[in-house]
Amino acid sequence: MARASNLFAAALGAVLLGLVAAVPSAAVAGTAESGLWWFDRGNIQAAHDAGFDGSGVKVAVIDSQINSDVIGLRGADVTVREPSYCFDASGSPYPTVSTDYVAASHATNVVSMIVGTGEAPAGGAPVKGVAPGVELLFYNAGAVLDGVVDDEGVDEECLQEDGTRMGEDGRFDLDRAISDAVADGADIISISNGSLTDVAKGVAEAYAKDVVVVAGMPNEDGIALWPAALNGVVAVQAFGEDGKIQNGENGKPNVSDDVIIAAPGLDLLLQGTSDSWDAQELGSGTSFATPIVAGMLAVVKQKYPEATAGQLIQSLIHNTGTKGEHEPTWDDAAGYGAASLTGMLAVDPSKYPDVNPIFDADDPNASPSQWMVDEAKAALGEGDSTASPTTEPGAAEPPTGASAMAPWLIGGGVVLVLLVVGGIILAIVLARRSRR
């Protein structure tokens with residue numbers, strides 16, 4: 001999730017999740033281009049020059065509203081799902097596309113990290129994506145971004161089409177968007193937001209259809225949110241040009257029991273500012289590291305189209321950093337290490353076992369559990385459920401005391417919804433759950 005600069009700062013500065021520094025397009029070229037360090041460091045252009053840009057692969061992004069007409073996305077293969085998952089009281093859907101900077105900057109830049117064309121505004125630097133050849137499917141879950149929530153933390157203006165509250169039927173918009181992305185044939189799903197809403201059904205369907213789910217972990221140490229904290233999800237950490245992971249608001253490294261992989265996410269060049277979509281700025285957060293990982297996996301999938309989701313994740317954790325293929329080792333700072341496109345492209349993932357190495361199939365209380373995945377397979381016609389009990393053992397519940405908060409609790413840029421109780425904005429700090 002990306003870190004915001006000044007939204008709600010007057011209300012409670014301690015809740016802010018970071019900084020976005022404006023860099024006008026007319027600034028010295030080196031200043032803007034410094035935000036492209038990740039593209040050079042990751043040898044992205046070398047992969048493109050070799051013919052690997054994600055062509056033939058479908059990547060789904062689930063995020064806020066998007067400005068798909070911004071410079072750098074014009075001409076990209078982006079299919080925007082309309083309508084969004086939020087409806088007003090009259091039954092009319094909120095739009096997925098918006099030119100409002102506050103509403104659309106987060107998703108616009110998340111998508112640019114994958115399919116940015118390299119076109120730049122006058123005087124600006126080019127923002128080119130990791131996998132500009134993919135077919136990108138875009139879904140807007142969390143269309144209402146005014147921060148007005150009810151007593152249970154659900155957006156009061158985001159209703160289902162029949163006028164009932166979101167989640168009244170047990171499913172929220174993010175969960176539905178994951179299911180739709182799976183149904184639409186996505187190979188990889190990238191999610192740069194988190195919440196306490198249950199999305200395990202959608203994630204289970206993704207696993208049942210052999211889809212990789214990549215999600216940004218929170219930018220604050222000690223916070224665990226779904227989907228990054230869910231069983232089998234590739235939870236992404238952010239690091240900077242110096243190789244150090246980001247610090248949380250408390251000044252300490254953003255360590256987590258949930259982290260799986262690290263990727264560039266600090267001081268990256270973004271398109272658009274509150275003044276103009278043609279201006280540029282530097283931004284930080286796992287929101288931007290997440291699509292970089294998703295894009296890398298798409299490029300690897302293009303080169304090795306027979307690789308399964310599990311084998312792609314195997315390759316991701318076996319080929320981190322610059323040391324070549326190795327046995328995975330984990331820590332709570334960078335997970336299994338820094339994602340390496342060069343390393344993954346050098347190794348055929350089909351050599352690895354066809355199993356998601358970060359999915360715990362033995363824990364009946366995991367979310368999603370193997371039971372849930374088997375049920376999803378049966379429901380989707382992917383085969384009979386295997387050794388499924390007659391009743392589900394211990395369906396996952398939100399952490400004690402947590403309400404069904406709307407997505408965007410940890411949003412990026414200026415996309416941020418916080419739980420408001422008695423006029424005070426609260427940060428929900430949850431106990432971390434280890435997946436090691």
Side-chain angles (χ1 to χ4, degrees), residues 1 57-63 110-111 113-114 131 134 136-139 141-142 171-195 197-218 224-237 256 258-261 263 286-287 289-298 300-301 307-317 335-336 339 349 354-361 366-370 372-373 376-377 380 382 396 407 410 433 435:
M1 298 64 157
V57 180
K58 285 187 179 182
V59 177
V61 172
I62 304 171
D63 214 284
V110 166
V111 169
M113 295 298 163
I114 301 175
V134 304
L136 192 136
L137 312 175
F138 183 80
Y139 305 82
R171 300 198 72 187
F172 289 83
D173 47 355
L174 179 57
D175 192 35
R176 293 183 186 281
I178 296 172
S179 294
D180 285 344
V182 171
D184 291 340
D187 298 297
I188 300 159
I189 299 175
S190 180
I191 305 171
S192 292
N193 66 77
S195 73
T197 58
D198 186 6
V199 296
K201 178 176 174 59
V203 172
E205 290 178 1
Y207 298 163
K209 295 290 286 186
D210 200 40
V211 178
V212 179
V213 180
V214 184
M217 55 178 279
L225 294 175
W226 297 340
L230 290 181
N231 190 20
V233 172
V234 179
V236 183
Q237 172 71 279
S256 170
D258 296 319
V259 61
I260 297 299
I261 205 74
T286 61
S287 276
T290 299
I292 288 175
V293 172
M296 288 181 177
L297 291 172
V300 176
K301 177 71 171 176
T308 65
Q311 289 169 336
L312 288 174
I313 298 174
Q314 294 270 11
S315 184
L316 179 67
I317 68 174
Y336 292 99
D354 182 13
V355 60
N356 182 343
I358 59 175
F359 180 82
D360 186 349
S367 181
S369 64
Q370 184 63 54
M372 295 178 67
V373 176
K377 285 183 178 180
L380 295 171
E382 292 298 306
I410 306 288
R433 294 160 290 157
R435 294 188 294 178

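Counting begins at 1 with the first residue of the sequence.
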Review point. Mind checking what makes side chain to side chain contact (heavy atoms under 4.5 Å, CB included) contact with Ala289, not counting sequence neighbours?
Key: Val236, Ala238, Ala263
Point to revise | Distance, nearest 0.5 Å, that separates OG of Ser367 from CG of Asn231 | key: 8.0 Å
Revision key, fill the gap. Between Lys201 and Met372 the two heavy atoms that sit nearest each other are N-CE, 4.1 Å
Review point. Just how far is it from atom OG of Ser315 to atom CE of Met296, taken to the nearest 0.5 Å?
Key: 12.0 Å
Exercise for review: Specify the closest pair of heavy atoms between Ala235 and Ala228, including all atoms of both residues, with the distance to one decimal.
Suggested key: CB-O, 3.5 Å
Exercise for review: Kindly compute the distance separating CG (Leu174) from CG (Asn193), expressed to the nearest 0.5 Å.
Suggested key: 5.5 Å
Point to revise | Beyond-backbone contact of Ile114 with Val134, side-chain heavy atoms, under 4.5 angstrom | key: yes
Practice item. Using side chain to side chain contact (heavy atoms under 4.5 Å, CB included) as the criterion, list what pairs up with Ala183, not counting sequence neighbours. Key: none
Review point. Under 4.5 Å between any side-chain heavy atoms of Ile260 and Tyr336, yes or no?
Key: yes
Point to revise | Point-to-point distance, once rounded to the nearest 0.5 Å, from CD1 of Ile358 to CD1 of Ile317 | key: 7.0 Å
Review point. In Å and rounded to the nearest 0.5 Å, what is the CG to CD1 distance from Leu137 to Ile62?
Key: 10.0 Å
Practice item. For residues Val259 and Gln237, determine if any side-chain heavy atom of one lies less than 4.5 Å from a side-chain heavy atom of the other. Key: yes
Point to revise | Which atom of Asp175 lies closest to which atom of Ala200, heavy atoms considered | key: OD1-N, 4.1 Å
Review point. Quick one: OG1 on Thr290 to CD1 on Ile189, what's the gap to the nearest 0.5 Å?
Key: 13.5 Å
Revision key, fill the gap. Applying ring-ring contact (aromatic ring centres under 6.0 Å, His included) to Tyr207 and not counting sequence neighbours gives Phe359
Review point. Would you say the side chain of Val61 lies within less than 4.5 Å of the side chain of Pro291, judging by non-hydrogen atoms?
Key: no
Exercise for review: For a side chain to side chain contact (heavy atoms under 4.5 Å, CB included) with Val234, tell me which candidate from Asn356, Ile188, Leu316 qualifies.
Suggested key: Leu316
Check your understanding: With sequence neighbours excluded, what pairs up with Tyr139 under the side-chain hydrogen bond (donor to acceptor under 3.5 Å, both in side chains) test?
Key -> Asp184
Revision key, fill the gap. Here the pair of heavy atoms bringing Ala131 nearest to Gly295 is CB-O, 3.6 Å
Point to revise | Contacts of type salt bridge (charged side-chain N to carboxylate O under 4.0 Å, His left out), residue Lys58, not counting sequence neighbours | key: none
Check your understanding: Any idea which heavy atoms bring Ala206 and Val213 closest together, and the distance?
Key -> CB-CG2, 3.7 Å
Check your understanding: Which atom pair, heavy atoms only, marks the closest approach of Val199 to Pro227?
Key -> CG2-CB, 3.9 Å
**Study point:** CA sep, side-chain torsions, deciding dist, call: Lys301, Val57, side-chain contact (heavy atoms from CB on, under 4.5 Å)
**Key:** CA-CA 7 Å; Lys301 177 71 171 176; Val57 180; 3.7 Å; yes
Exercise for review: Would you mind reporting whether Asp198 and Trp226 have side-chain heavy atoms less than 4.5 Å apart?
Suggested key: yes
Review point. Are Glu205 and Ile178 close enough that some pair of their side-chain heavy atoms sits under 4.5 Å apart?
Key: no
Study note, to complete from the structure: Taken in chain and number order and not counting sequence neighbours, the residues that satisfy side-chain hydrogen bond (donor to acceptor under 3.5 Å, both in side chains) with Gln311 are Thr308
Point to revise | For Asp210, side-chain hydrogen bond (donor to acceptor under 3.5 Å, both in side chains) partners two or more places apart | key: none
